[in-house]
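Just below is one structure, and these are the notes that go with it.
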Amino acid sequence: MMTERVFLVTAGKMTSFIIDENIIKFSSHKATSLVDFHEAWNKKITLAKKHEVKLDSIRSIKKEENDDDVTIKYKILQGSILLWC
C-alpha cells in the first residue's frame, strides 16, 4: 500500500516523502523506514525541513516520457494570495 512506505526523492533539500491519509509529507531527513520518517517528522526541535501538500490541493502531476522528473503542481493560500507551485 502506498501509505505504508517511504519514497526517496530529490527535490531541492527534500530527500524523502510519504503519503499519509490526505497529505503528502516531504522531509529533508533521509528516512530509511516509515518509523524513522515519523520519528523525524514529529521531533519538536530539528534542523530538517518539512513540507506538507494536501492531496485535494494538487492540480496536476506531470512526467515526460524520456525524463525522470515528476512535477506536482498544487495551490496554496498564503495570506490572501493564491500561489501555484
*Decide if atom NZ of Lys63 counts as having more than 12 heavy atoms of other residues, nucleotides or ligands within a radius under 6.0 Å.*
yes
Are the side chains of [X] and [Y] in touch, meaning some heavy atoms are under 4.5 Å apart?
X: Asp36; Y: His29; result: yes
X: His38; Y: Asp20; result: yes
X: Lys30; Y: Phe37; result: no

What distance separates [X] [atom1] from [Y] [atom2], expressed to the nearest 0.5 Å?
X: Lys50; Y: Phe26; atom1: NZ; atom2: CZ; value: 15.0 Å
X: Thr46; Y: Trp41; atom1: OG1; atom2: CH2; value: 10.5 Å
X: Lys73; Y: Ser60; atom1: NZ; atom2: OG; value: 5.5 Å
X: Lys54; Y: Tyr74; atom1: NZ; atom2: OH; value: 12.5 Å

Closest heavy-atom pair and its distance - [X], [Y]:
X: Glu21; Y: Leu55; result: O-CD1, 3.7 Å
X: Ser16; Y: Val6; result: CB-CG1, 3.8 Å
X: Ile18; Y: Arg5; result: CG2-O, 3.7 Å
X: Arg59; Y: Asp56; result: NH1-O, 3.9 Å

_Quick one: does any side-chain atom of Thr15 pair with a main-chain N or O of Ser28 as donor and acceptor, under 3.5 Å?_
yes
*Among the clusters formed by ILVMFWY side chains lying less than 4.5 Å apart, do Leu8 and Ile61 turn up in the same one?*
no
_Joint hydrophobic cluster, Val9 plus Ile24, side-chain heavy atoms closer than 4.5 Å_ = yes
_Does Ile23 form a side chain to side chain contact (heavy atoms under 4.5 Å, CB included) with Val53? I'd like the steps, not just the answer._
CA-CA 6 Å; Ile23 297 174; Val53 176; 5.9 Å; no
_Would Phe17 and Ser27 count as a side chain to side chain contact (heavy atoms under 4.5 Å, CB included) here? Give the steps._
CA-CA 6 Å; Phe17 76 92; Ser27 176; over 6 Å; no
